[in-house]
Amino acid sequence: MNANLDEPRWLLERREEATRAAGTLPMPDRAAHRFRFTDPAWLWAGVGTGADTADVAVEATLAAGVAGTFPGVLASAGDALAEFLGRLARPDDPFLAFNLASFTSGAVVVIPAGARVEDPVRIRMRIAKTNQGTACAVRNLIVLGRGAQARVHETLDVEDGLANVVTEVVVADGARLEHAWSEEAGPGAAAFTHLRTSVGRDAFVSQSGLLSPAGRGKAEVVTTLADRGSRAEATALILAGGESHADLRVIEDHAASDATSRVLVRAVASGGGRAVFTGLLRVREGASGSETYEEARGLLRSPEASADLLPELEILTHDVRASHGAAVGPLDEEARYYLMSRGLGAEEAEAMLVRGFVGPVLDRLPSEFAARLPWAPAAGENG
Amino acid sequence: MMSLAPETPLLAVRDLWAGIDGKTILKGVNLVVRPGEVHAIMGRNGSGKSTLAHVLMGHPAYEVTRGDVFLDGRDLRDLDVTERARAGLFLGFQYPVAIPGVPVTGFLRAALRARRSGGSESADVPVREFRRTLLGAMREAGIPEDFASRPVNEGFSGGEKKRLEVLQMLMLKPRLAILDETDSGLDIDALKAVADGINRGIAAGIGVLLITHYQRILDHVKPDVVHVFLDGRVALSGGPEVARELEERGYEWLEAPGEAVNPASLGTR
Ligand SMILES: Nc1ncnc2c1ncn2[C@@H]1O[C@H](COP(=O)(O)OP(=O)(O)OP(=O)(O)O)[C@@H](O)[C@H]1O
Ligand SMILES: [Mg+2]
């Protein structure tokens, strides 16, 4: 598709393979959870129409390593790119294939082994109004070498058209990554993000997300616990208001023994919004001593709003501790009454209840994300 | 306390009828509480005491079909729950409600702000000063300090919840506190702490309507008037001796058709 002729041979080959796949792979089966609530066609609109390029900026203070954007970063980050790009998120469905075949922008961050990066690395992606309904593919790669520690804040704002963003993340042995992501799509716009992470031996990743599209947003957080003692935490706040559609899929894939994963999701649906969460905990054969836990709760703030929260377990080994739970309900009227009986106005009471409801996931988001939300905690309110 | 000048009652309830889900529960309640008075309401399970408390507070699920309620001479009819609270009404819940994820501190600060000024930010209490007041009040109420950062009533024991209700009353300084079984389910120390708290409130000028099943709280908190609630109305009012009489005789004699009860003979004030 949009392959740049200056690209290295390995990349051209991967793009070619992906282009073939994009043209031949069938659209995903809507009977499976992944696309049960979201029409795949929404995430295909404008594909192949000759897309605009997303604005991608990366902001980092690194003593060593790489932080840059395509195409310039191809020269500086050659090896890591060739090793990982398209290898974690392979082009095995039309969306991932389209992305690899046609991405024209994106960020690459490589933190060398043993390095500790204090300030968060920020990746900002924006697709402007001028996009005119076309599909934009963005590809990011984040690599933490052995024992490295870093925080990454990744934000996506789609003002028009469709964004298809794939971020591949490698957390090598003993490394520690705190990864925060946010996905926003304006009214009439759509965003698809696929965050694919591989966690090494005794390594740790936390992924805290905010999915709050005004239009349509689908986010996928797929994490492979690839080696012994790896740990992953995925938390997310899903906000669906107005006419929006927000669909989060999380997969914690235990491929090694003694790994731990925790998934915590809060969804708030108001107006005519629709919130969806499907979370698969998969423990593969031989991944004994695994511990996995998932809790999802939804709050419905209007009769037209909906929230579908579906946990799934796929346990193929013994000696596993797995638990999950999901519940959806309206605002607790008695709690509202209690707060009002203390003099709080109806709206203030509701805001306080919603804030309390989302607290466990909101507290994980960087303050710069949380500040955009209607119930950011006021100074001093948290004890 | 008796005054010759006619004064506006703190609370005046006249022929109040109310119900829920189509079922009439309050059937003509009459009740007058004068400023600074302490009234106790006793009565069987299911007689409608909590219903009265919620109807006075303005709980939206209840429907008032007849009668009037005045607080400090102000008709409460068209006021919602918030407005009633800001007018000076407080309800200590029989079953305090858990507020998941909302720490006691943030909750109380918002409540205090609301009480002071109708909720505007300008009435905000500086964080430091607020914390000092709160921790002082918690110490007095016998609530451990770490409760300040715990979610309101979540995982609190029954007694801890009741202590927190009293603490809220003391911090919010209402005109009238309706305390619905705030003395139930308490151990001996907690009962003492709750009674002390209520007495401090009374000393600070809070009028109290104490709903209770037990004489023992009335040994600590002295009521001016004791009402007996029967099938949705006040069947009898008198002095503290009424509580003692109930303790000895139960409620049956009040219902016995042969025995006419003359409230006046028991000295309604
Ligand atoms: N939603 C409802 N629908 C029908 N009846 C109700 C409803 N809520 C309460 N009641 C009934 O109203 C009556 C009065 O209840 P209320 O809670 O006021 O009693 P109470 O005097 O406070 O009792 P207790 O001493 O046990 O606290 C009870 O018979 C109760 O079952
Ligand atoms: Mg009751």
Side-chain angles (χ1 to χ4, degrees), chain A residues 235-239 264-268 295-301 325-365 370 373-383, chain B residues 53-54 57-61 80-93 95-119 121 124-128 130-131 134 146-154 168-169 171-172 174 178:
Chain A
T235 62
L237 173 55
I238 305 172
L239 297 179
L264 194 64
V265 172
R266 293 289 181 270
V268 181
E295 183 201 286
R297 289 201 199 154
L299 180 64
L300 294 178
R301 303 211 49 203
V328 179
L331 208 70
D332 181 351
E333 287 298 327
E334 291 304 308
R336 195 175 93 115
Y337 166 58
Y338 186 79
L339 294 181
M340 288 176 72
S341 80
R342 278 20 177 181
L344 277 73
E347 278 180 27
E348 192 186 3
E350 284 181 22
M352 186 172 264
L353 292 174
V354 175
R355 167 72 184 80
F357 175 79
V358 303
V361 297
L362 185 64
D363 293 347
R364 301 299 200 87
L365 291 174
L373 300 173
W375 1 263
E381 264 193 11
N382 282 318
Chain B
H54 289 306
M57 196 69 239
H59 192 304
D80 70 7
V81 181
T82 305
E83 291 162 332
R84 289 175 193 220
R86 290 180 184 175
L89 203 57
F90 176 88
L91 172 58
F93 283 57
Y95 304 108
V97 185
I99 314 289
V102 176
V104 168
T105 315
F107 160 66
L108 282 176
R109 193 150 175 257
L112 210 57
R113 179 166 68 214
R115 176 79 179 95
R116 281 200 180 175
S117 67
E121 293 280 335
D124 230 341
V125 200
V127 181
R128 282 260 195 85
F130 171 74
R131 267 196 85 80
L134 174 63
D146 64 299
F147 276 59
S149 53
R150 283 177 55 180
V152 178
N153 292 325
E154 208 178 36
Q168 291 177 51
M169 175 192 79
M171 287 191 78
L172 296 176
I178 305 162

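Letters A, B, ... mirror the listed sequences (proteins, then strands); counts begin at 1. Below, all heavy atoms of this structure are taken into account, side chains as well, without hydrogens, waters or symmetry copies.
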field: Nearest atoms (heavy-atom pairs only) where Gly343(A) meets Ala114(B)
entry: O-CB, 3.1 Å
query: Residues of residues 326-335 of chain A under 4.5 Å from chain B (heavy atom pairs)?
result: Asp332(A), Glu334(A), Ala335(A)
- prompt: Is Arg342(A) reaching over with its side chain to a backbone N or O of Leu91(B), donor-acceptor style, under 3.5 angstrom?
  reply: yes
- request: Considering only heavy atoms and a distance below 4.5 Å, find which of Ala111(B), Pro174(B), Gly58(B) pairs most often with chain A.
  value: Ala111(B)
Validation row: Tyr338(A), Asn153(B) side chains within 4.5 angstrom (heavy atoms): yes
message: Can you tell me which portion of Ala346(A) sits under 4.5 Å from chain B's heavy atoms? Options are side chain, backbone, both or neither.
response: backbone
query: With chain A, which of His59(B), Arg128(B), Arg84(B) has the greatest number of heavy-atom pairs at distances under 4.5 Å?
result: His59(B)
query: Contact part of Phe357(A) toward chain B, heavy-atom cut-off under 4.5 Å: side chain, backbone, both or neither?
result: backbone
Region of Val152(B) in contact with chain A, defined by heavy-atom distances below 4.5 Å: side chain
- prompt: Atom CZ of Arg86(B) and atom CG of Leu344(A): how far apart are they, to the nearest 0.5 Å?
  reply: 7.5 Å
message: Using side-chain heavy atoms (C-beta onward) and a distance below 4.5 Å, is Ile99(B) in contact with Leu353(A)?
response: yes
query: What are the two closest heavy atoms between Tyr337(A) and Met57(B), and how far apart are they?
result: OH-CB, 3.4 Å
query: Tell me, side chain or backbone of Ala61(B) under 4.5 Å from chain A's heavy atoms, or both, or neither?
result: neither
